[in-house]
Amino acid sequence: MIEQKNRFGTIHGLRGIAALGVVIYHLSGNLNPELETLLPGLINITFSYGYLGVPIFFVISGFVISYSTKSTNVTTKYAKSFIVRRSIRLDLTYWASIFFAISLLLMKNKILNTSEEIPPATDILIHMFYLQDILNVDPVISVVYWTLCLEVQFYLFYIFSLWLSCRISYENHLLISLCIAIPLGIFSVFLDLGLAEININGLFISNWHYFLMGILVCLAIREVRYTKFIFFSWIFFEIAVQVFSDFKAYSIAGVLCSSGLFAIWKLRGLNHFFTGRTLTYFGTISYTLYLVHPDIGWKTISFGKKIIGDNLLPWHSGVLLLTGIATSIAIAHIFHLAFEKPSQKLATRIKSESLTSALKSYFFPNKSNRKSEDSPQPEQYTSSASCSDKPDILDNNRSNTSKK
């Protein structure tokens with residue numbers, strides 16, 4: 001759980017909202033048209049837009065990574081450490097979800113007498129390195145993994161741009177990195193709206209502008225020089241392009257999320273909005289919930305429909321939806337405790353120790369190691385990193401950056 005006194009609780013809560021939106025969107029799709037009969041039209045419409053949690057995730061990720069690398073001299077050593085820590089935080093839980101999904105598929109074939117194809121070992125290996133979309137693997141193991149493939153590319157490109165910018169000029173590295181990120185962002189908008197084309201599958205470029213919106217709003221909130229103007233100019237550009245082409249719900253969600261974060265910051269509410277106990281909990285398990293729900297939640301509902309048979313009534317659909325959501329949450333909680341939380345602790349150690357030393361101290365802890373493990377964990381993936389909400393830090397950030 002995050003400590004409200006020193007983190008942006010709003011970011012954490014938004015992550016929970018985005019995860020719940022995607023979960024409900026996917027699972028409700030297994031129960032139409034019965035749900036449309038059971039629930040009011042407004043609720044069904046809301047469910048149908050749950051997929052907009054994805055661009056919100058992208059914006060949040062840009063915010064988090066930008067804040068976690070603030071005022072950092074991104075040397076080659078730092079870049080390598082960053083990549084290793086990201087890998088540990090994402091990969092172990094992701095790999096566990098892959099083998100969990102395959103196990104469920106085997107069970108489904110046996111219990112429901114289906115014959116769905118089991119991915120061969122080569123396809124599983126390709127998935128483990130986030131290459132399934134680039135290499136056109138079909139079928140994919142889970143419908144949500146494509147976003148992780150993009151996130152990994154976001155991280156690699158952004159840390160590379162910071163590394164290159166720091167080598168050119170540390171004092172101005174943030175602005176130099178924006179000179180790399182913004183032109184790509186412009187091309188990204190055109191790709192996303194169908195105004196340009198690229199013939200390579202699975203690349204992050206068409207979704208880069210969502211991640212960029214998170215970076216820009218973070219820099220604006222940190223009051224880095226010129227970035228408020230850059231942020232508002234970018235939001236104007238995003239809106240203007242859609243006005244003169246076609247409105248896209250994804251882009252609107254990204255604009256609203258990033259603009260909303262800035263407005264909440266101006267109201268001094270980044271540690272007060274969306275910070276209830278329930279949303280905080282869903283923010284904590286959002287990564288694992290996002291990973292496991294398409295398999296365990298969907299299959300739970302399919303199994304229930306198999307038991308009920310052809311006489312599925314509207315109220316049955318409501319019960320099955322709640323059951324699918326509850327099962328997804330329960331499995332996500334277990335995955336968080338069993339895989340994600342240990343990964344976060346190990347990655348945190350690597351931030352201050354070498355990989356070898358961190359592995360030794362993690363698997364062979366002494367009293368001092370245990371004490372450090374019990375301390376608050378910064379920059380957690382699911383808690384949206386170590387985002388300080390102290391006004392003095394934010395207000396002084398521009399001067400600190402200028403001095404360096």
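These numbers come from the heavy atoms of this one structure, side chains and all, not from hydrogens, waters or symmetry mates.
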E116: what forms a side-chain contact (heavy atoms from CB on, under 4.5 Å) with it, not counting sequence neighbours?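 Partners of E116 by the side-chain contact (heavy atoms from CB on, under 4.5 Å) criterion, ordered by chain and then number, come out as L105, K108, N109.
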Spell out, as yes or no, whether a donor-acceptor pair under 3.5 Å connects the side chain of H293 to the backbone of Y290.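 Checked: pair present.
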For residues F262 and F231, establish whether the separation of their ring centroids is below 6.0 Å.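 Between F231 and F262, which both carry aromatic rings, the centre distance is below 6.0 Å.
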For F204 and F157, run ring-ring contact (aromatic ring centres under 6.0 Å, His included): C-alpha distance rounded to whole Å, both residues' side-chain angles, the deciding distance at 0.1 Å, then the answer. CA-CA 9 Å; F204 70 100; F157 177 79; 5.4 Å; yes
So, do H26 and Y51 have ring centers that fall under 6.0 Å from each other?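 They do not qualify: ring centres at least 6.0 Å apart.
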Quick one: OH on Y287 to OG on S343, what's the gap to the nearest 0.5 Å?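 Those atoms lie 8.5 Å apart.
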Could you give the side-chain donor-acceptor pairs of residues 174-200 under 3.5 Å, partners two or more places apart or in another chain?
unit_1 : atom_1 : unit_2 : atom_2 : d
S177   : OG     : H173   : O      : 3.4
S177   : OG     : L174   : O      : 2.6
S188   : OG     : I205   : O      : 2.6
S188   : OG     : S206   : O      : 3.2
S188   : OG     : W208   : N      : 3.3
S188   : OG     : H209   : N      : 3.1
D192   : OD1    : K248   : NZ     : 2.5
D192   : OD2    : H209   : NE2    : 2.9
D192   : OD2    : Y210   : OH     : 2.4

Main-chain N/O of Y94 paired to S97 side chain as donor or acceptor, under 3.5 Å: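 Yes; at least one donor-acceptor contact below 3.5 Å.
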Can you check whether F160 and W163 have ring centres sitting under 6.0 Å from each other?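 They qualify: ring centres under 6.0 Å apart.
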Considering only distance and modelled atom types, tabulate donor-acceptor pairs under 3.5 Å from the side chains of residues 311-320, sequence neighbours left out.
unit_1 : atom_1 : unit_2 : atom_2 : d
H316   : ND1    : N311   : O      : 3.4
H316   : ND1    : L313   : N      : 2.9
S317   : OG     : P314   : O      : 2.4

Please check if the distance between the ring centroids of F211 and F58 is under 6.0 Å.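 No; F58 has its ring centre 6.0 Å or more from that of F211.
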Taking the six-membered ring for Trp, are Y67 and F8 parallel (under 30°), tilted (30 to 60°) or perpendicular (over 60°)?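 Perpendicular, since the angle between the ring planes exceeds 60°.
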